[in-house]
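Single-structure report; data block below.
Order of the sequence lines sets the chain letters (A, B, ...), proteins ahead of strands, with each chain counted from 1.
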Amino acid sequence: MPAPDFSKELNAGQLAAATHGDGPLLIVAGAGTGKTRALVYRVAHLIGRGVPPNRILLLTFTRRAAQEMLARAERLVGGATGRVHGGTFHATAHRLLRAYGPGVGIAKDFTILDQSDAEDLMGMARAHLGFAQRHSRFPKKETLHHVYSRHVNTEIPVDQILRDDLPQFEGDLPDITRTFAEYVSRKSERNLLDYDDLLLCWALLLERAPELGERVAALYDHVLVDEYQDTNVLQARILRGMATTHKNVTVVGDDAQSIYSFRGATVRNMLDFPAQFPGATIVTLEQNYRSTQPVLDVSNTLIARAPRGYGKQLFTTRQGGERPLLVAARDEHEQTQYVTDRVLELHEAGTPLREMAVLFRAGYMSADLEIELTNRQIPFEKWGGIKFLEAAHVKDILAFLRILENPRDEVSWFRVLTLLPGIGDITARAALALMADRAWDPAAFSLWTPPPRARAAHEALAGAIAELSRRDEGGAQRSVSEEIARVRRMYDDILRDRYDRPEPRLADLDQLEIIAGGFPHRAAFLSELALEPPSATHDLAGGSDSENDALILSTAHSAKGREWDAVFLIWAVDGWFPSSRAMRSDEDTEEERRLMYVAMTRARKHLHVVYPLNAYQSRFGTEYSIDQLSRFIDAGVRERMTRVAAAPEAIPVPEDRERSAAAPEMDLRAFLRERFGG
DNA sequence: TTTTGAAGTCTCTCC
DNA sequence: GACTTCAAAA
């Protein structure tokens, strides 16, 4: 196939990026400058040049991004791209390790630990070494896991992480290190891999296993990476390992949109790219095709304060358009009313709901809005935030399945055992010790003698396990949904006993059963859920309603890479956005600024930034701080916005003086009443 | 001794 | 509203 001529469809920068020949290429692309377009056309160009699709690897941040890009490339070259390999780093690592892991001592049937599983296992290591009760000041399992994960992903020594982030635990370094060692050995004994292991094993495979590593690297002639500003040093190592022979690496990113440092990502990967890949070509994209000039003016001003690695000045030819609105609301309720009213107006005027989004800093901030949307029967989809899979009852069911899949998975055993009435952690540990002695044979479980109170429950569980593990011996093949249904025959009663209102939780389990129906076998189902958790209720419904129009509710993080005609940024309140938890250092605060920049640049035409005053009510924790407009919306940003009140009759729009002047009087007595329950 | 219920505490972002 | 901690019940 001859290389298609893209010169009419791309601007000069995009064309240079798309048609770049071999060798390393860095595309520095500002928000909305068509970086996806450049990447898609580059894939098409490579195929047109004769590179077999299955020898191209496209690494993206979410699976959704990969699918969209591949679909677009496919349209360009007419169906040939179906076999381009694409996905997240983690999902790709998973695929490669299933195939090549056994060659480096990773059992083929490993189980993936999600974050909370990993934390639980860390907790077991902690308890095993006797640090649980020793002195109550030893770090919690979540903290331990955070430090461990940070160490793996950033390669910063543990003692330095402690010194920088948790100086109160500096003296515990030896015990912390021992806990990590215990955690690591438990993982390998139990055949478990956490998220970090997926990346680490991929990197080590390339670096330490000369023959196999070479075979893996030789799978692809070209590797393309999207959102490179949000990768970490481990991922950069992987990239180098995959390109040792051919150096055909294309990375795309925007240092102004780096928002994942909490996960070890570092913008240094982008800044150091030319040094790590000598001879790299750099292409900069600056023309914004997404937003109108007034929207761009506000976001450019917001980000202008930040120190920049690769300077970019975004411009657009889309003149005209309305100035972004800065909306003062009296309280959360008024904010909700404002957003719902405007959404309905825009919808009346012809904007589909799907072309509008409400963005916020953290998942729980949309609770009030969700209630109102439900009451007014406005369909919505929520991205990010509370995950279906993190719900205790869903994890319970998955723990049952994981025992069947990997009987050595003690995290799941422990979870299931402590569900049974009459069994707490002491008894559960005793049972696990017995199981370990019997080489984790599931049949050994029925031999264990539980305390009298737990007899009936033990019998029911042993029965279910025996029945379900029998399928491997030739019985009728059970589907994953059928397995879940069988587990629920005993589990639903436990659920009903535990909660006053079990109905919504039972409904979740119904949904889980439906999702499971789409998977050929249990292992695929479990891996998929760990790597690509359903991110929206929509995903759960099982496709097919993609035409359904629904307003998007999303965290700012999950909104990355997306765009909408209208964007409502809510809770633009200091302490909420930026989050008070993320302001411990200047770097953290700068990342919050970039996050707000990401949120604002999602808007094509309409941008509404809403800040409720009196946000303190009903929320504890953040001292007595009087709520103020986000510090990022400073005078320079404000003068490029139009200030309005959410409800005109309610309060006057605050004077445009500095922050404290904009705050209302605080009803301290009402606050204290609420706080102390008077 | 172990479990369980009740009072008390603090709530981020994601593969 | 969910998770931890502490004291009473089995």
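For A:E142, the side chain to side chain contact (heavy atoms under 4.5 Å, CB included) criterion is met by A:E119, A:K140, not counting sequence neighbours. Applying the side chain to side chain contact (heavy atoms under 4.5 Å, CB included) rule to A:T427 yields the partners A:I423, A:W448, A:P451; only residues at least two apart in sequence or on another chain are considered. Listed by chain and residue number, nothing satisfies the ring pair (Phe, Tyr, Trp, His ring centres under 6.0 Å) test with A:Y100 (two or more places apart in sequence, or in another chain).
Within a 6.0 Å radius of CD in A:E459, no more than 12 heavy atoms belonging to other residues, nucleotides or ligands are found. Remark: A:N375 CG is packed, more than 12 non-hydrogen atoms of other residues, nucleotides or ligands lying under 6.0 Å away. Other residues, nucleotides and ligands place more than 12 heavy atoms under 6.0 Å from the CZ atom of A:R305.
Of the residues in residues 107-115 of chain A, those placing a heavy atom less than 4.0 Å from an atom of DNA chain B are A:Q115, in numerical order.
Using modelled atom types, one finds no donor on one side chain facing an acceptor on the other under 3.5 Å when comparing A:N191 with A:N406.
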Checklist entry - Could you write nucleotides 1-9 of chain B as a row of B, S and -, 5' to 3', where a protein heavy atom under 4.0 Å of any base atom gives B, of only sugar-phosphate atoms gives S, and otherwise -? => result -SSS-----

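A donor-acceptor contact under 3.5 Å is not formed by the side chain of A:R581 with the base of B:dC12.
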Item to check | DNA chain C base-pair string [pairs: Watson-Crick or G-U under 3.5 Å; |: paired with another strand] | outcome: .|||||||||

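Relative to the side chain of A:Y195, the nucleotides B:dC14, C:dA2, B:dC15 differ in distance, and B:dC15 lies closest.
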